[in-house]
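Chain letters run A, B, ... following the sequence lines, proteins first and then strands; every chain starts at 1.
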There are 2 protein chains.
Amino acid sequence: MSEDLLTMKKQTAEGRDENGQRVSAGDRQASLIAAAASLFAAKGFNGTTTKEIAKAVGVSEALVFKYFPTKRTLYAAILAEKVTVNELLDVVEAAVTKRDDHRVFTMIASYRIRPGADSTFLRLLLFSALEGHELSELFFGKHHKVFYDYLAAYIRTRIDDGAFRSVDPLLAARAFIGMVVHHRLLHEIFGVPMHQSHETTVATYVDLFLAGLIRMPIGRKSSSRRLR
Amino acid sequence: MSEDLLTMKKQTAEGRDENGQRVSAGDRQASLIAAAASLFAAKGFNGTTTKEIAKAVGVSEALVFKYFPTKRTLYAAILAEKVTVNELLDVVEAAVTKRDDHRVFTMIASYRIRPGADSTFLRLLLFSALEGHELSELFFGKHHKVFYDYLAAYIRTRIDDGAFRSVDPLLAARAFIGMVVHHRLLHEIFGVPMHQSHETTVATYVDLFLAGLIRMPIGRKSSSRRLR
DNA sequence: TCATGGTAAGTAAGTCTTCACTCACCTAAA
DNA sequence: TTTAGGTGAGTGAAGACTTACTTACCATGA
């Protein structure tokens with residue numbers, strides 16, 4: 001009996017936190033979501049096993065199913081969790097009211113290029129779109145669409161101001177975000193080496209794009225906007 | 001025994017072409033590659049089973065393994081098959097020597113937007129990159145890198161001509177192709193509805209981008225390039 | 001200050017299914 | 001009669017999900 005307890009202690013030490021304490025349901029769910037997110041991002045939904053997820057968290061596979069009745073449920077929980085963008089919009093607000101084009105575009109571009117940190121996010125988004133999960137639409141709609149619409153709205157007001165040429169605002173917004181996202185894609189997904197810093201890249205893109213958008217007063221020399 | 005033969009007759013009618021003839025190894029391989037390509041594109045490598053592939057072609061699963069010893073071999077065969085871009089470059093050549101910027105950019109953009117036809121291609125490329133197949137690098141290098149390098153080279157000569165502003169050519173090339181590819185991505189992968197025709201979109205993108213790139217002579221009114 | 005019992009956290013060891021891949025065999029045609 | 005296209009019926013491994021069970025924690029009343 002006493003030796004039984006001893007071996008027990010050693011075995012059951014797995015499903016505990018660093019202090020050997022049992023973990024609350026909420027915390028456990030959170031850590032499962034986090035682990036699953038990075039695994040799904042790395043290997044896709046079909047490429048990841050529930051066993052792996054359990055192992056990453058250091059618990060038994062059975063526990064995963066206690067909190068999430070199916071693998072898909074877990075996936076859904078991840079997507080639901082990731083839907084929070086609004087921070088950005090507040091930050092940009094000031095630049096928007098000041099009509100500081102350069103700053104608005106730079107901030108939007110930089111937000112998405114935030115290096116490393118959320119590279120899992122892009123992968124997750126792509127995977128869910130490719131694998132065609134029902135949730136990916138919601139995911140995209142709630143998280144990404146915001147950017148396009150926001151930027152498009154800004155471009156529209158600038159056109160009304162007479163500052164930008166008259167282009168389809170949504171198309172222009174997509175074009176700009178496309179440049180930036182594509183750059184991330186090349187780097188983070190395809191592993192293309194980049195020889196410039198993120199800042200330089202963003203600066204170049206913003207500069208190029210605004211140069212194409214801004215309605216120049218007659219006689220202004222475009223080369224005054226020469227890069228670097 | 002006799003009834004055994006009867007059922008046999010009916011079952012073996014499967015692995016034949018429309019004339020009831022047996023199919024040559026080459027043709028069979030080709031049809032397997034085609035079927036596998038569209039399945040992998042739709043559901044990813046891990047999401048597709050060899051049984052499905054066999055069924056799509058109308059043969060037994062065993063036959064798949066007769067031609068392709070492993071599932072990965074089949075995958076490799078698809079990627080190897082898809083590596084052929086050079087057609088485009090010949091077509092663009094004329095526009096390049098004429099320094100017809102508008103046409104060069106439009107052709108490159110249009111090639112990739114070629115509607116429908118090769119939507120499987122984009123998916124396949126993304127899937128293989130995400131799932132991290134060793135082959136995806138080769139795939140990307142042989143098929144896609146060409147575009148970036150080609151366009152970058154063109155931009156470089158135009159800068160030397162004094163026609164374009166001095167920008168990092170590769171970055172600019174990526175930016176342009178990024179706009180276009182991203183547009184396809186939104187449409188074909190994320191299912192975002194597009195309210196413009198492909199032509200209009202490409203025209204807008206080319207126009208926007210060139211406006212940002214072209215070094216305008218003093219006094220030229222940019223609004224003369226107004227869209228639509 | 002304890003037992004003590006209800007409950008929530010946790011597990012080992014399955015079950016059932018599917019999947020990549022094999023094997024022994026068949027048969028049309030050259 | 002050989003050979004190349006073709007098959008049904010497996011096999012072992014792995015994966016999603018269950019089941020029956022074991023703790024640890026904590027509130028409650030004696």
For the residue pair A:Thr73 / A:Thr70, report whether a side-chain donor-acceptor contact shorter than 3.5 Å exists. yes

| Is it the case that A:Ser197 and A:Thr200 place a side-chain donor and acceptor less than 3.5 Å from each other? | yes

Separation of C:dC21 atom P from B:Ile53 atom CD1, nearest Å, is 11 Å

Rounded to whole Å, CD of B:Gln29 lies from C1' of D:dG6 at a distance of 14 Å

Within residues 62-70 of chain A, the residues having a heavy atom closer than 4.0 Å to DNA chain C are A:Ala62, A:Leu63, A:Lys66, A:Tyr67

Per the under-4.0 Å heavy-atom filter, residues of residues 36-46 of chain A near DNA chain C come out as none

Do A:Arg72 and A:Phe45 meet the cation-pi criteria used here (NZ or CZ under 6.0 Å from the six-membered ring centre, within 45° of the axis)?
yes

### Heavy-atom donor-acceptor pair, B:Arg22 side-chain to C:dA29 base, under 3.5 Å
no

Assess whether one donor atom and one acceptor atom, taken from the side chain of A:Arg28 and the base of C:dA9, lie less than 3.5 Å apart.
-> no

Residue pairs meeting salt bridge (charged side-chain N to carboxylate O under 4.0 Å, His left out), one or both in residues 193-204 of chain B, sequence neighbours left out, come to none

So salt bridge (charged side-chain N to carboxylate O under 4.0 Å, His left out) across residues 41-52 of chain B, not counting sequence neighbours, yields B:Lys43-B:Glu52

| A:Phe127-A:Phe40 aromatic ring centre distance below 6.0 Å | no

Note to self: In the structure I gave you, are the side-chain heavy atoms of A:Leu213 and A:Phe176 within less than 4.5 Å of one another anywhere?
What the structure shows: no

Find every protein N or O atom lying less than 3.5 Å from an N or O atom of nucleotides 16-19 of chain C, and list the pairs.
none

Those residues at least two apart in sequence (or on a different chain) that pass salt bridge (charged side-chain N to carboxylate O under 4.0 Å, His left out) with A:Lys145 are A:Asp149

| query | How are the rings of B:Phe105 and B:Tyr154 set relative to one another: parallel (under 30°), tilted (30 to 60°) or perpendicular (over 60°)? | reply | perpendicular

*Main-chain N/O of B:Leu130 paired with A:Arg123 side-chain donor or acceptor, under 3.5 Å*: yes

